Undergrad: 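Have a look at the structure that comes next, please.
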Number of protein chains: 2
Amino acid sequence: MLLSTKGDYGVRAMIDLAKHAGEGPVQRSEIARRRQIPESYLDHLLAQLRRAGFVRSTRGPSGGHELAKPASDINLLSLLEALEGSLAPLGCLEPAVGEEATESICGQNWVWQEIYDEMRARLAAVSLAELVEHEREHERQAVISYNI
Amino acid sequence: MLLSTKGDYGVRAMIDLAKHAGEGPVQRSEIARRRQIPESYLDHLLAQLRRAGFVRSTRGPSGGHELAKPASDINLLSLLEALEGSLAPLGCLEPAVGEEATESICGQNWVWQEIYDEMRARLAAVSLAELVEHEREHERQAVISYNI
DNA sequence: CGATACCTGAGTAAAACACTCAACAACAGC
DNA sequence: GCTGTTGTTGAGTGTTTTACTCAGGTATCG
Ligand code: FES
Ligand code: FES
């Protein structure tokens, strides 16, 4: 039932990029260090994100990665689905071509369908910009409590 | 992100037991056949369910399994948690003893916490009795459309 | 007693996960 | 146009989890 690290790491990386948007490309080594992601693994995630059209990469010295579109235009749902594939909690909810029929022997899928729909709606309503905003808010509070 | 078969199978089995409640013990071979669960695997699930106090088993000829309490007193959440352990979609949501701290580098946990809470609430609100009811309803409709 | 069930724990094949490695391609600046 | 720095790709690997199976054991009924 756990989200794999791919999704978690990928979103972390995207938050990092969004936070440094407009400051030119960010290197993967920077991201890996700040967000505690194995660098060689991050490579693959960035490749996936680039293929999905979320980031733009530039090679050569002073190259790196940056968002391909504004952070407010990227929502968590599309991001996670690009990284993880379907988020359905049960195989029978997203029927592969030429399937069905398990409904009659199980009878719990309607509950999960509801939960799944709610979840997708909630994720779709959260943009990357909001996540960054939340993080900044959190940082401010941390600084304040540190100063006391 | 998928629920494992354990949860699915376990709930199927419980629905089966609930459906035949009051008719004496049901054998695991019966359940396995009706619900399409490998019989030797079902053994373990029933043991787990028994240890968690959901079913009562009787040995010997004409033995079998039956619900240990009324179907309306069993909700999906407790059932699934007994079978699967925690349903949290992220490790950091249910902190093991002596952990924390990932929040600062990730910043998406608040979204997932919300989704997780909603999910648990929804699951807790569904009783085994309701699932059986739904299944019966579904069967009636199937019979009707078959007769037309 | 013996047939019929449930009960238990150990073992295992296969898949998914979480990476790593090595070779390659592009670009910037000298 | 070389050189070094960065991204790009695909193949490969150790570990863990999943989804079971098997071989015994134990309780109960008739
Ligand atoms: S088979 Fe889909 S919920 Fe059980
Ligand atoms: S570490 Fe918990 S959501 Fe990323």
Side-chain angles (χ1 to χ4, degrees), chain A residues 1-13 16-17 24-33 35-68 80 83-91, chain B residues 1-13 16-17 20 24-33 35-68 80 83-91 102:
Chain A
M1 197 53 204
L2 288 166
L3 204 67
S4 75
T5 57
K6 250 186 188 172
D8 199 8
Y9 287 171
V11 173
R12 287 193 209 178
D16 204 76
L17 288 183
V26 183
Q27 285 112 314
R28 61 159 191 253
S29 59
E30 285 280 295
I31 305 173
R33 186 178 44 75
R35 302 289 166 163
Q36 306 207 31
I37 308 171
E39 197 176 333
S40 44
Y41 194 38
L42 179 58
D43 252 22
H44 292 274
L45 303 181
L46 286 170
Q48 228 172 308
L49 289 168
R50 192 177 40 69
R51 276 194 291 268
F54 291 114
V55 312
R56 187 176 27 226
S57 312
T58 7
R59 308 201 209 197
S62 79
H65 308 267
E66 54 194 326
L67 294 187
L80 284 171
L83 288 159
E84 300 257 355
S86 166
L87 297 176
L90 290 164
Chain B
M1 198 53 206
L2 288 167
L3 203 67
S4 75
T5 58
K6 251 187 190 174
D8 198 9
Y9 286 172
V11 173
R12 286 192 210 179
D16 203 75
L17 288 183
H20 297 84
V26 182
Q27 286 112 313
R28 63 161 189 252
S29 60
E30 284 280 294
I31 305 173
R33 188 178 44 75
R35 302 289 165 163
Q36 307 208 30
I37 307 172
E39 196 175 333
S40 45
Y41 193 37
L42 179 57
D43 247 22
H44 291 275
L45 303 182
L46 285 170
Q48 226 172 311
L49 289 168
R50 192 177 40 70
R51 275 192 291 268
F54 290 113
V55 311
R56 186 174 30 221
S57 312
T58 4
R59 309 201 209 195
S62 78
H65 308 268
E66 53 194 326
L67 294 187
L80 284 171
L83 288 160
E84 300 255 355
S86 165
L87 297 176
L90 290 164
T102 45

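Everything numeric here is computed off the predicted structure, so don't read it as measured data. Proteins get letters first, then strands, A, B, ... in listed order; numbering begins at 1 in each.
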Undergrad: Stepwise, does the side-chain contact (heavy atoms from CB on, under 4.5 Å) test hold for R50(B) with R56(B)?
TA: CA-CA 6 Å; R50(B) 192 177 40 70; R56(B) 186 174 30 221; over 6 Å; no

Undergrad: Does P61(A) or D43(A) map to a spot on DNA chain D nearer the 5' end, using the closest nucleotide for each?
TA: P61(A)

Undergrad: Ignoring the backbone of P38(B), work out which of dT8(C), dT21(D), dA25(C) is nearest its side chain.
TA: dT21(D)

Undergrad: CG of L45(A) versus P of dC19(C): gap in Å, rounded?
TA: 10 Å

Undergrad: When you look at L17(B) and F54(B), which way does the side-chain contact (heavy atoms from CB on, under 4.5 Å) test go after all the steps?
TA: CA-CA 10 Å; L17(B) 288 183; F54(B) 290 113; over 6 Å; no

Undergrad: For S40(B), answer base if it contacts any base atom (sugar-phosphate contacts may also be present), sugar-phosphate if it contacts only those atoms, and nothing otherwise; contact means non-hydrogen atoms under 4.0 Å.
TA: base

Undergrad: Is the shortest side-chain N/O distance from T5(B) to OP1 or OP2 of dA19(D) below 4.0 Å?
TA: yes

Undergrad: At what distance, to the nearest 0.5 angstrom, does CZ of R35(A) lie from CG of L42(A)?
TA: 11.5 Å

Undergrad: Starting from the 5' end of DNA chain C, give me the residue, Q27(B) or A47(B), whose nearest nucleotide shows up first.
TA: Q27(B)

Undergrad: OP1, OP2 of dC7(C) versus side-chain N and O of S57(B): anything below 4.0 Å?
TA: yes

Undergrad: Checking E84(A) side chain against G7(A) main chain: does a donor-acceptor pair fall under 3.5 Å?
TA: yes

Undergrad: Rounded to whole angstrom units, what separation is found between the CG atom of L46(B) and the C1' atom of dT8(C)?
TA: 14 Å

Undergrad: Can you tell which of dT21(D), dC6(C), dT8(D) lies closest to the side chain of H65(B)?
TA: dC6(C)

Undergrad: May I have the distance from R59(A) (atom CZ) to dT6(D) (atom P), rounded to whole angstrom?
TA: 14 Å

Undergrad: I need the CZ-P distance between R51(B) and dC6(C), as an integer number of Å.
TA: 16 Å

Undergrad: Contact class for R50(B) vs. all strands (heavy atom < 4.0 Å): base, sugar-phosphate, or nothing?
TA: sugar-phosphate

Undergrad: For the base of dT20(C), is there a side-chain donor-acceptor partner from H44(A) under 3.5 Å away?
TA: yes

Undergrad: Specify the separation, in whole Å, of atom CG of L42(A) and atom P of dC21(C).
TA: 16 Å

Undergrad: Can you tell me how far C1' of dT17(D) sits from CG of L3(B), to the nearest Å?
TA: 15 Å

Undergrad: Can you tell me if Y9(B) touches the phosphate of dA19(D), counting only side-chain N or O atoms and a distance under 4.0 Å to OP1 or OP2?
TA: no

Undergrad: Between atom CZ of R28(B) and atom CD of E30(B), what is the distance when rounded to the nearest 0.5 Å?
TA: 12.5 Å

Undergrad: Can you tell me the distance, in whole Å, between the CZ atom of R56(A) and the P atom of dA26(C)?
TA: 19 Å

Undergrad: OP1, OP2 of dA5(C) versus side-chain N and O of R28(B): anything below 4.0 Å?
TA: no

Undergrad: Can you identify which nucleotide, out of dC7(C), dC19(C), dA19(D), has its nearest atom closest to the S4(B) side chain?
TA: dA19(D)

Undergrad: Which whole-number value in Å describes the distance from E30(A) CD to dT6(D) P?
TA: 10 Å

Undergrad: Hey, are D8(A) and R12(A) close enough for a salt bridge, meaning a charged N less than 4.0 Å from a carboxylate O?
TA: yes

Undergrad: Heavy-atom nearest nucleotide on DNA chain C for E39(A) versus T58(A): which residue maps closer to 5'?
TA: E39(A)

